[in-house]
Amino acid sequence: MEYFLQQLINGITLGSVYALIALGYTMVYGIIQLINFAHGEFFAAGGYVGVIFMSYLLSQGAPAWVCLSGSLILAMAYCAMLAVAVERVAYKPLRNSSRLSVLLSALGMSIFLQNGLMLTQGVYDKAYPTELTQGGFEMGNVMLSYMQLFIVSLTAFLLVALNLLVFKTRMGKAMRSTAQDKVMSALVGINANRTISITFAIGAALAAAAGIMVGLYYGSVRYDMGFVPGIKAFAAAVLGGIGNITGAMIGGFIIGMVEIFAAGYISGEYKDVFAFVILIAVLYFRPSGIMGENVDDTRV
Amino acid sequence: MTIPEFKKHWTSLGIGMVWLFILLWPLLGIKPEGLEVASTFNVWWRIALGCSFLLFLYQLNSAGAFRFISRPAGAVAGSMKSATSMVPMAVWFVIGIACTALIPQFAGRYAQDVAINCMIYVCLGLGLNIVVGLAGMLDLGYIAFYGIGAYTYALLSVQFQLSFWICLPISAGMAGLGAWLIGYCSMRMRGDYLAIVTLGFAEICRMVLNNWMSLTNGPNGVTGIKAPGLYWFDFTNGMTLEHIWLKKLSLVYYVILILVVFTAIAVYRLQHSRIGRAWEAIREDETAAEVMGVPTFYMKLLAYCSGACFGGMAGAFYAARMRFVSPESFTFLESAMVLSMVVLGGMGSIPGVILGALALIALPEIFREFELYRMLVFGGVMTLMMLFRPQGMLPSKRTMRSDKD
């Protein structure tokens with residue numbers, strides 16, 4: 001039972017990271033029907049920029065909460081800018097060309113960014129400062145570290161903020177209407193290009209937050225760490241019904257849980273396989289996902 | 001070009017460059033010792049200068065400053081094209097093969113090595129060309145079939161000492177079987193979803209290869225694979241048949257050359273058969289093809305499986321040539337590499353795929369000193385190519401692209 005509880009806590013932690021990345025995928029897919037392969041790289045870049053600012057602030061003698069929140073905000077802002085730049089360069093000119101071209105352009109961007117990170121930051125792991133994240137609560141043999149508490153509560157905060165943004169503000173209304181019909185929303189005076197850029201920026205900022213969390217949780221970041229979590233988060237987005245924000249959150253938590261429980265109870269080596277198996281199974285049996293409406297034939 | 005347009009270009013370049021500086025600065029300039037601008041600036045001014053120069057050239061070109069060069073050059077290119085089209089395709093094909101067949105006689109070991117590498121990728125590219133170029137299905141997991149082929153030969157050779165020539169069709173068959181398994185589940189999907197499923201399948205394959213210690217020896221790989229063998233006449237005492245191992249690089253070279261020629265002819269024949277036409281119909285408009293009576297599900301499955309078979313053959317050769325296989329060689333990046341060969345060269349066109357493989361394998365060898373920047377440039381070129389010439393360097397003649405999906 002204690003083992004189960006421990007795994008549950010770990011699963012929720014990992015799931016919240018996947019949920020944050022999945023939101024970016026789902027929002028971008030919802031608005032321009034593009035699998036943004038570079039999204040995993042925003043996640044990695046966020047982790048890197050986070051560690052850079054964090055160690056800089058720490059070396060300047062800033063207190064822990066300033067280090068954490070400062071680097072979080074700076075990394076999110078950085079990735080938002082990066083995402084807008086990528087969208088302008090690689091996706092916007094291709095808005096009316098074939099799906100294959102855009103997908104390949106995204107793939108090229110992903111390789112470009114990954115290698116850019118490698119060239120500027122080196123091929124080795126970059127360690128996060130550990131002194132910020134020690135300690136935790138202990139109940140019997142179940143351990144809830146401050147880090148996990150930080151990750152889960154920050155995720156909850158970001159998810160609530162995003163929901164408020166999407167469902168309560170004018171900007172969110174513009175995003176939802178652009179996702180439904182670009183031409184019609186342009187006719188009623190919504191600037192589609194700006195809306196798409198903002199969607200990219202928000203998605204990348206969430207991915208950057210996830211990158212910092214993963215960096216803090218595992219203690220280090222690597223230039224190619226974006227790929228596998230990116231695909232798993234995409235699996236989460238598909239599982240929840242792509243284009244659906246609530247679905248992406250639920251999907252992220254499910255994928256995180258499945259991964260942790262599969263690693264704990266079945267086999268640690270094959271834990272990555274389960275996310276892909278779920279992905280294939282969902283696409284086969286219910287391509288619209290848990291929360292999605294029926295997807296029309298051209299999109300499947 | 002009008003004056004406002006001119007100004008607009010330079011303003012957007014300026015904004016872009018400021019933006020780039022902000023993006024570069026944290027990655028290059030923030031050290032624990034303090035903020036440093038010099039190293040960022042050092043990289044940045046080169047990029048900025050290069051971009052300004054390119055924009056300058058572009059503006060000159062659109063103002064018509066280069067017309068005195070481009071017009072005669074265009075005329076020369078046109079007449080060259082009409083002259084080359086006088087000679088039938090088959091003649092060019094034979095000349096090309098003859099030239100490649102002579103390479104081991106005149107070139108050194110290094111050049112042969114590069115050429116063999118290149119030809120493996122030509123095989124892979126031609127196989128993927130069936131799936132992506134002809135049938136229009138985006139496959140991001142093609143390298144899995146290469147891996148299946150390589151491991152099939154490696155294991156059969158190490159465990160049962162089977163000969164390369166027997167294993168070649170078996171490897172192709174195993175890869176085809178794998179493709180059938182995954183294809184049967186996923187052929188209902190189109191576009192992006194198919195891409196992601198194939199990607200997931202390739203990752204599953206790689207993880208299985210990596211973790212099934214008892215069969216594949218995990219990340220350590222399989223060693224002790226036999227080279228291809230051949231019976232050849234031996235005239236030392238009378239005439240006898242002697243078995244020789246094709247371990248010498250120049251002999252291995254001819255094996256892959258034969259494979260390339262076989263693959264190219266097979267793909268050409270497939271493309272110009274009824275099946276090939278059905279594939280192209282599916283690529284152009286799947287719904288319309290189905291309405292016209294093309295069994296789209298089976299045709300797509302067939303394209304997927306036959307593409308995989310060629311991948312499996314290339315894999316078997318790879319195992320025989322390296323005499324060592326490990327899961328490291330079958331990563332997603334390789335898939336992306338083969339896919340970009342097909343796309344950069346020109347989808348659905350055989351010379352295009354060959355050109356793409358040459359460009360992506362041979363060119364980086366020439367620019368060896370920029371090794372570090374290789375993948376960076378690769379990613380950038382892939383995006384730029386999609387922006388400026390999405391149909392590839394040598395596009396296929398038989399397309400009806402409306403450039404809309």
Side-chain angles (χ1 to χ4, degrees), chain A residues 29 33-35 48-49 52-53 55-56 58-59 74 78 81-82 84-85 88-90 93-94 96-105 107-121 227-228 231 234-235 238 269-270 272-273 275-277 279-280 283-284 287 297-300, chain B residues 16 19-20 22-24 26-28 30-35 43 132 136 138 140 182 185-186 188-193 195-197 199-201 203-204 207-208 210-211 287 332-333 336 339-340 343 347 372-387 390 401 403-405:
Chain A
Y29 196 94
Q33 275 81 48
L34 158 74
I35 299 175
Y48 261 108
V49 176
I52 292 166
F53 279 118
S55 40
Y56 174 68
L58 210 60
S59 71
L74 287 171
Y78 178 86
M81 285 185 72
L82 183 67
V84 172
R88 275 293 145 87
V89 172
L94 289 170
N96 289 321
S97 54
S98 77
R99 290 282 269 284
L100 188 66
S101 308
V102 193
L103 212 58
L104 282 166
S105 175
L107 208 57
M109 260 301 131
S110 157
I111 295 171
F112 181 83
L113 290 177
Q114 199 183 89
N115 284 276
L117 272 182
M118 187 191 82
L119 284 172
T120 49
Q121 295 294 314
F227 178 62
V228 172
I231 298 297
F234 183 77
V238 170
E269 281 124 30
Y270 287 102
D272 286 352
V273 170
F276 296 120
V277 172
L279 174 68
I280 294 175
L283 284 179
Y284 188 59
D297 204 35
T298 49
R299 214 188 275 179
V300 177
Chain B
W19 203 275
L20 178 72
I22 300 173
L23 288 183
L24 272 179
L27 292 178
L28 287 170
I30 299 184
K31 306 269 156 53
E33 307 88 62
L35 304 171
V43 175
V132 180
L138 187 55
L140 288 180
I182 187 69
C185 313
S186 55
R188 289 190 316 167
M189 302 164 200
R190 289 182 192 179
D192 311 341
Y193 280 17
I196 279 291
V197 165
L199 173 73
F201 172 68
E203 282 296 301
I204 291 176
M207 281 170 210
V208 170
N210 220 343
N211 291 314
T287 317
F332 169 68
L333 207 60
L339 182 66
S340 49
V343 176
M347 282 193 293
L372 262 180
Y373 300 94
R374 191 180 147 203
M375 290 317 284
L376 187 80
V377 172
F378 170 60
V381 165
M382 203 153 146
T383 297
L384 286 181
M385 197 77 181
M386 284 304 113
L387 297 183
R401 290 238 161 243
D403 263 335
K404 287 251 164 131
D405 229 12

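Counting only heavy atoms from C-beta outward, the side chains of Y78(A) and L27(B) approach each other to under 4.5 Å. At least one side-chain heavy atom of L339(B) sits under 4.5 Å from a side-chain heavy atom of L107(A). Within the 4.5 Å cutoff, no side-chain heavy atoms of V228(A) are placed close to those of F332(B).
Looking only at heavy-atom pairs under 4.5 Å with chain B, the residue among F53(A), Y56(A), F234(A) that has the most is Y56(A). The greatest number of non-hydrogen atom pairs below 4.5 Å with chain A, out of L372(B), N210(B), V381(B), V377(B), is found for L372(B). Annotation: maximal heavy-atom pairing with chain B below 4.5 Å, among L34(A), V84(A), I35(A), occurs at I35(A). Taking chain B as the reference chain and counting heavy-atom pairs below 4.5 Å, the highest number among L113(A), V49(A), D272(A), V238(A) is found for D272(A). Counting heavy-atom pairs under 4.5 Å between each of P93(A), S55(A), S59(A), S105(A) and chain B puts S105(A) at the top. Put simply, of V277(A), L104(A), V102(A), the one with the most heavy-atom pairs under 4.5 Å next to chain B is L104(A).
Among all heavy-atom pairs drawn from L387(B) and V89(A), the shortest one is CD1-O, 3.5 Å. The minimum heavy-atom distance linking G116(A) with L376(B) is given by the pair N-CD1, 3.4 Å. Counting all heavy atoms, side chain and backbone alike, W19(B) lies closest to M81(A) at NE1-O, 3.0 Å. Between A85(A) and L23(B) the shortest heavy-atom distance is CB-CD1, 3.9 Å. Contact detail for A90(A) and T383(B): the closest heavy-atom pair is CB-CG2, 3.7 Å.
The parts of V208(B) that come within reach of chain A are both its backbone and its side chain, each placing non-hydrogen atoms under 4.5 angstrom from that chain. The contact between L103(A) and chain B is made entirely by side chain atoms (from C-beta outward), counting heavy-atom distances below 4.5 Å.
In this structure, the separation between CZ on F227(A) and CG on L333(B) is 9.0 Å, given to the nearest 0.5 Å. Interatomic distance, M386(B) CE to L94(A) CG, rounded to the nearest 0.5 Å: 8.5 Å. Remark: L384(B) CG to F112(A) CZ distance equals 8.5 Å, nearest 0.5 Å.
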Show your working on side chain to side chain contact (heavy atoms under 4.5 Å, CB included) between I231(A) and E203(B) and close with a plain yes or no. CA-CA 10 Å; I231(A) 298 297; E203(B) 282 296 301; 5.9 Å; no
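Partner of F276(A) under the side-chain contact (heavy atoms from CB on, under 4.5 Å) criterion, chosen from I204(B), I196(B), V197(B): I204(B).
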